[in-house]
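Have a look at the structure below, then the notes.
Reckoned from all heavy atoms, side chains included, excluding hydrogens, waters and symmetry mates.
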Amino acid sequence: MKLFFDTKSNNKNTTVKSQKKKFAQPILIISPRPDVMSDIVSRLLMHNLADVIPHEADFFTMNDNPAASNAVAVIVDIGDVDNVELIMQMVALLIPVSAKPILVGNNDSIRFAHALMMAGTNYRHIGSQLAQLPDLIRDPIPATHNRVTMKISVLGCKGGAGASTVAHQLFKAAGMLTSIPMLLVQGCSGSRDLDLLLAKALPSDGSIADLTAHQSVKMETCDAAWLYEDTAFNRYNLAFFDHGIHSHLEQQLEQVFMQSHVIVLVISRALASLRVAKNILEEHKRFLLANPLKETRIFLCLNESHPKNTDELVNADIEEYLGLAIFSVNAYNVHHNPLSSESSLYRLAAHLLGKSLDPKPSRKVLFSLPTFRRTARQNAVV
């Protein structure tokens, strides 16, 4: 069923709108098509929206654009892409929550437009609805309305497994890879040493502390434990949650499964750690039977806190026991070398963010249309 007519509608309020003051913040336009870019820019200029920044790029292969951090709105040409999950993943990873995402494309399906609206973003058909862009930009509804924060749970499968270190390193690496707003929450079930890792005093009342312009941290209080839906989290595109799960309750695991987009299981070579991880993976299988539409990717991170012993389990034995490949091995860092782009955790963070570390130009991204669901199935426990 078609949603739009092929002819473009006339705007009867052009004269009134042209008298409005222009926005103090810029409007970023992302499109690989010069004709679409030119049409959008012209329409905005006609309505006195003059602070426009054109960026000729494919949204699904581009890296960060610094202009997005200050933009009041980001208009994205998605072309013929119709995978709503892929689109919203890229919106979460590239458009700050402070900016209003407005998507334009070739698809004129009612179902597609409604799905994007329910996911928290506006969509307009290029062939007939570009005249509505000025009104969408000036709409007083906050940019964060219905935006989804991408949530990554880092779960320690044994006391001392190093979940807090892994969560902190992933958070730090993510901050090096992108400038989108992000938050690190250290749960009260963990080591509670985030202040030591950061070498910075942190509030103990559960309030959020800003580290940089785009990174903030929070020490969870025990009376508000395992909280994933605090409205304060809506200010962030990305949230990392550091939890110790070795003494888990079934209710807590279900909350983690339901709320997380990604789960990183932090294990050691100790059998006790692997048994907990095995139980979590089995619980996740049961969860999927009751929630078949909930896709959560699970990654194994082997954190080595001491030099290898000859009598310890090797990687192949661990993978066979758990039925899941080890994605990242954080090697024992005897010299406490700083995080670098060669680090295993840096590469895991890049993978989570869909960033290519290949020095050669590449159009392939983690969430590419033909591989997104296959990647999710391979990394999730099904």
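Around CD of Glu312, the count of heavy atoms belonging to other residues, nucleotides or ligands within 6.0 Å exceeds 12.
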Could you go through the ring-ring contact (aromatic ring centres under 6.0 Å, His included) check for Phe241 and Phe233 one step at a time? CA-CA 11 Å; Phe241 295 85; Phe233 299 164; 5.6 Å; yes

Does the pair Tyr236 and His214 meet the rule for a ring-ring contact (aromatic ring centres under 6.0 Å, His included), with working shown? CA-CA 9 Å; Tyr236 304 95; His214 67 282; over 10 Å; no

Report the C-alpha distance between Ser69 and Ser179 in whole Å, list the side-chain angles of each, state the deciding distance to 0.1 Å, and finish with yes or no for side-chain hydrogen bond (donor to acceptor under 3.5 Å, both in side chains). CA-CA 7 Å; Ser69 60; Ser179 59; 5.4 Å; no

Please walk me through it: do Lys200 and Asp195 pass salt bridge (Lys or Arg N to Asp or Glu O under 4.0 Å)? CA-CA 5 Å; Lys200 177 182 175 66; Asp195 54 345; over 6 Å; no

Hey, mind stepping through Tyr123 and His114 against ring-ring contact (aromatic ring centres under 6.0 Å, His included) and telling me if it holds? CA-CA 9 Å; Tyr123 174 78; His114 180 71; over 10 Å; no

Walk me through it: do Arg33 and Glu56 pass the test salt bridge (Lys or Arg N to Asp or Glu O under 4.0 Å)? CA-CA 7 Å; Arg33 298 184 284 182; Glu56 189 173 329; over 6 Å; no

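Of the possible donor and acceptor atoms, none in the side chain of Glu283 sits under 3.5 Å from a partner among the backbone N and O of Leu253.
In summary, the side chains of Asp82 and Asn107 do not present any donor paired with an acceptor at a separation below 3.5 Å, with no hydrogens or angles considered. A side-chain donor from one of Gln186 and Ser164 sits under 3.5 Å from a side-chain acceptor of the other.
A salt bridge is absent between Lys218 and Asp205; no separation between the charged side-chain nitrogens and carboxylate oxygens falls under 4.0 Å.
Relative to the six-membered ring of Tyr321, Lys278 meets both conditions, a distance below 6.0 Å and an angle of at most 45° to the axis.
Side-chain contact between Leu274 and Leu313 is present, with heavy atoms from C-beta onward closer than 4.5 Å. At least one side-chain heavy atom of Tyr346 sits under 4.5 Å from a side-chain heavy atom of Leu177.
Aromatic ring orientation, Phe240 versus Phe171: perpendicular (interplanar angle above 60°, classes split at 30° and 60°).
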